[in-house]
Amino acid sequence: QVQLVESGGGSVQAGGSLRLSCVASGGTFTRFALGWFRQAPGKEREFVATINWSGGTTDYADSVNGRFTISRDNAKDTVMLQMSSLKFEDTAVYYCALRNIATVSRRSAGYDYWGQGTQVTVSS
């Protein structure tokens with residue numbers, strides 16, 4: 001059974017940084033893309049960032065472009081999200097997602113597996 005486990009969430013002041021990690025396990029993966037989504041209270045889940053199998057292609061939501069960096073370590077089946085210059089509006093539960101296709105996607109429906117989420121709280 002595939003499991004995605006996020007870590008690294010927490011509370012930080014505006015302007016600060018956090019690094020999220022997500023480890024995938026339990027599946028027989030071949031080539032897969034990974035993504036990060038987030039959901040703030042009272043809002044729908046939204047796309048944050050995605051990375052393809054090789055790590056050579058990434059895509060970011062406009063709201064985080066230039067502040068967040070997604071990366072992966074295929075030897076460890078891990079994806080990371082480095083978040084800098086955090087803003088109050090970045091406060092949300094952040095979810096890691098995996099899709100059994102090598103190419104990136106911004107659509108949540110394009111992902112096959114999801115983690116339980118990790119809370120990120122930014123105080124202004």
Side-chain angles (χ1 to χ4, degrees):
Q1 184 175 354
V2 175
Q3 281 192 319
L4 299 175
V5 179
E6 302 99 336
S7 62
S11 297
V12 65
Q13 289 190 330
S17 298
L18 280 175
R19 182 179 175 90
L20 305 183
S21 295
C22 173
V23 180
S25 64
T28 306
F29 306 120
T30 52
R31 295 176 178 264
F32 56 94
L34 291 158
W36 288 96
F37 291 76
R38 68 186 182 186
Q39 188 167 18
K43 296 187 177 181
E44 293 186 352
R45 188 174 299 187
E46 65 175 3
F47 165 74
V48 176
T50 181
I51 187 167
N52 74 337
W53 163 248
S54 69
T57 299
T58 57
D59 188 22
Y60 297 91
D62 289 345
S63 59
V64 307
N65 197 21
R67 300 188 297 120
F68 291 9
T69 301
I70 189 171
S71 60
R72 65 187 294 166
D73 182 346
N74 286 345
K76 299 179 180 179
D77 287 337
T78 299
V79 61
M80 289 72 73
L81 186 69
Q82 178 67 46
M83 306 185 294
S84 303
S85 302
L86 283 161
K87 304 176 181 179
F88 174 75
E89 50 265 39
D90 294 318
T91 296
V93 177
Y94 283 71
Y95 297 90
C96 168
L98 181 152
R99 73 193 229 112
N100 279 320
I101 300 174
T103 54
V104 298
S105 175
R106 291 188 168 209
R107 299 172 58 249
S108 60
Y111 290 80
D112 302 290
Y113 303 100
W114 293 82
Q116 292 299 307
T118 185
Q119 177 70 47
V120 171
T121 303
V122 184
S123 57
S124 58

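Excluded from the calculations below are hydrogen atoms, water molecules and symmetry mates; all remaining heavy atoms, backbone and side chain alike, are included. Since the structure is predicted, the reported quantities are computational estimates derived from the model, not experimental observations.
- The side chain to side chain donor-acceptor pair (under 3.5 Å) search around Asn74 returns Arg72, not counting sequence neighbours.
- Here the shortest heavy-atom pairing between Leu18 and Leu86 reads N-CD1, 3.8 Å.
- A heavy-atom distance below 4.5 Å is found between the side chains of Asp77 and Phe32.
- Across every non-hydrogen atom of Gly110 and Ser105, the tightest pair is CA-OG, 4.5 Å.
- Residues that satisfy the ring-ring contact (aromatic ring centres under 6.0 Å, His included) test with Phe47, not counting sequence neighbours, are Phe37.
- A distance-only check finds no donor-acceptor pair linking the side chain of Ser84 to the backbone of Ser17 [under 3.5 Å].
- Residues Leu81 and Val48 come closest through the heavy atom pair CD2-CG1, 4.2 Å.
- Shortest non-hydrogen contact noted between Trp114 and Ser108 is CZ2-O, 3.4 Å.
- Nearest heavy-atom pair across Ala40 and Ala92 is N-CB, 3.8 Å.
- Note on Tyr111 and Val64: separate hydrophobic clusters, where clusters join Ile, Leu, Val, Met, Phe, Trp and Tyr whose side-chain heavy atoms are under 4.5 Å apart, directly or indirectly.
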Donor-acceptor list for residues 5-15 side chains, cut-off 3.5 Å, not counting sequence neighbours:
unit_1	atom_1	unit_2	atom_2	d
Glu6	OE1	Gln116	N	3.2
Glu6	OE1	Gly117	N	2.9
Glu6	OE2	Cys96	N	2.9
Glu6	OE2	Gly117	N	3.2

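- Remark: the backbone N or O of Asn100 is not paired with any side-chain donor or acceptor of Tyr113 at under 3.5 angstrom.
- Partners of Asn65 by side chain to side chain contact (heavy atoms under 4.5 Å, CB included), not counting sequence neighbours, listed by chain and number: Tyr60.
- Under the 4.5 Å side-chain criterion, counting only non-hydrogen atoms from C-beta, Phe68 is not in contact with Leu20.
- Partners of Ser71 according to the side chain to side chain contact (heavy atoms under 4.5 Å, CB included) rule, which considers only residues two or more places apart in sequence or in another chain, are Met80.
- Screening residues 113-124 for salt bridge (Lys or Arg N to Asp or Glu O under 4.0 Å), with sequence neighbours left out, gives no hits.
- Among residues at least two apart or in separate chains, there is no disulfide bond (SG atoms under 2.5 Å apart) pair with a member in residues 32-75.
- By the salt bridge (Lys or Arg N to Asp or Glu O under 4.0 Å) test, Arg106 pairs with Asp59, sequence neighbours left out.
- Clustering of Ile, Leu, Val, Met, Phe, Trp and Tyr by side-chain heavy atoms under 4.5 Å joins Val23 with none of the others.
- Side-chain contact check for Trp36 versus Met83: every heavy-atom pair is 4.5 Å or farther apart.
- Every residue meeting the salt bridge (Lys or Arg N to Asp or Glu O under 4.0 Å) condition with Asp90, not counting sequence neighbours, appears here in chain and number order: Arg38, Arg67.
- Applying the side chain to side chain donor-acceptor pair (under 3.5 Å) test to Ser54 and every residue at least two apart in sequence or in another chain returns Asn52.
- Looking at heavy atoms from C-beta onward, Ile70 lies in side-chain contact with Val79 at the 4.5 angstrom threshold.
- We find the CG-OG1 distance between Leu4 and Thr78 to be 10.5 Å, quoted to the nearest 0.5 Å.
- With sequence neighbours excluded, the residues forming a side chain to side chain contact (heavy atoms under 4.5 Å, CB included) with Val93 are Tyr95, Gln119, listed by chain and number.
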